[in-house]
**Q** 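Just dropping this structure here.
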Amino acid sequence: MLDALLRAHRPAEALRTISALPAADREHGRIRLAEARAAHATGADNRVRELLAEGIHVDNMREGEVSLDALWLAVHPEQPVPRAYDFRMSEG
């Protein structure tokens with residue numbers, strides 16, 4: 001549902017949905033990632049920085065998925081992507 005809201009360009013609604021979840025659910029990696037994406041879409045980049053600093057761990061993140069490193073680069077353009085957030089495929 002959160003991804004659908006984000007694809008529909010409704011990040012504020014996604015943030016309201018997330019804030020209504022129980023705290024334990026909001027700690028899930030995919031929920032935190034959706035929150036960071038929605039926050040970025042609304043211009044709340046300080047919130048994105050906070051979430052990244054606290055740590056976003058997505059258990060089923062696959063090599064080649066660029067969502068975390070794209071967020072990092074969007075809010076920290078002059079800093080290299082930390083290994084924990086870099087799932088980009090690269091050669092050798």
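Here the structure is a predicted model, which means the values were calculated and not measured.
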**Q** Decide salt bridge (charged side-chain N to carboxylate O under 4.0 Å, His left out) for E35 and R26; before the verdict, give the C-alpha distance in whole Å, the side-chain angles of both, and the deciding distance to 0.1 Å.
**A** CA-CA 9 Å; E35 181 180 356; R26 290 192 312 266; over 6 Å; no
**Q** Distance from I31 atom CD1 to E27 atom CD, nearest 0.5 Å?
**A**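 That separation rounds to 10.5 Å.
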**Q** What I'd like to find out is whether the side chain of S67 reaches to under 4.5 Å of the side chain of L33, using heavy atoms alone.
**A**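 Yes - at least one pair of side-chain heavy atoms lies under 4.5 Å apart.
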**Q** Side-chain contact, heavy-atom cut-off 4.5 Å: V81 with L68?
**A**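 No, every pair of side-chain atoms sits at 4.5 Å or beyond.
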**Q** Just wondering, do D3 and R37 contact through their side chains at under 4.5 Å, heavy atoms?
**A**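 In short, these two side chains touch, coming nearer than 4.5 Å.
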**Q** Would you compute the distance between atom OH of Y85 and atom CD1 of I56 and round it to the nearest 0.5 angstrom?
**A**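 Here the interatomic distance stands at 5.0 Å.
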**Q** Taking all heavy atoms of E65 and all of F87, pick out the closest pair and write down the distance.
**A**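 Nearest pair, atom of E65 first, then F87: O-CB, 3.4 Å.
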**Q** Can you tell me how far the CG atom of N46 sits from the CG atom of L51, to the nearest 0.5 Å?
**A**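 The distance works out to 11.0 Å.
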**Q** A14 and L6: which non-hydrogen atoms are nearest, and at how many Å?
**A**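 Here A14 and L6 meet closest at CB-CD2, 4.2 Å.
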**Q** If you round to the nearest 0.5 Å, how far is NE2 of H76 from CG of L71?
**A**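 Nearest 0.5 Å value for the CG-NE2 distance: 10.0 Å.
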**Q** Would R32 and E54 count as a salt bridge (charged side-chain N to carboxylate O under 4.0 Å, His left out) here? Give the steps.
**A** CA-CA 10 Å; R32 289 174 65 79; E54 291 168 5; 3.0 Å; yes
**Q** Is there a donor-acceptor pair closer than 3.5 Å between any side-chain N or O of W72 and the backbone N or O of D86?
**A**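 The answer is no, because no donor-acceptor pair under 3.5 Å joins these two groups.
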**Q** Got a second to check how far D45's CG is from H40's NE2, nearest 0.5 Å?
**A**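 D45 atom CG to H40 atom NE2 measures 5.5 Å (nearest 0.5 Å).
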**Q** Is there a path from V58 to V48 through hydrophobic residues (I, L, V, M, F, W, Y) whose side chains come within less than 4.5 Å of each other?
**A**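 They do share one cluster, since a chain of ILVMFWY contacts under 4.5 Å joins V58 to V48.
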**Q** Any donor and acceptor pair, going by atom type alone, linking the side chain of R30 with main-chain N or O of D59 inside 3.5 Å?
**A**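 Looks like no, no N/O pair under 3.5 Å.
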**Q** For A12 and T42, which heavy atoms make the closest approach, and how far apart are they?
**A**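 Closest approach of A12 to T42, heavy atoms only: N-CG2, 4.0 Å.
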**Q** To the nearest 0.5 Å, what is the distance between NE2 on H28 and CD1 on I18?
**A**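 With rounding to 0.5 Å, NE2 (H28) is 12.5 Å from CD1 (I18).
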**Q** Could you give me the CA-CA distance, side-chain angles and deciding distance for E50 and R47, then say whether salt bridge (charged side-chain N to carboxylate O under 4.0 Å, His left out) is met?
**A** CA-CA 5 Å; E50 289 172 7; R47 179 62 183 145; 3.1 Å; yes
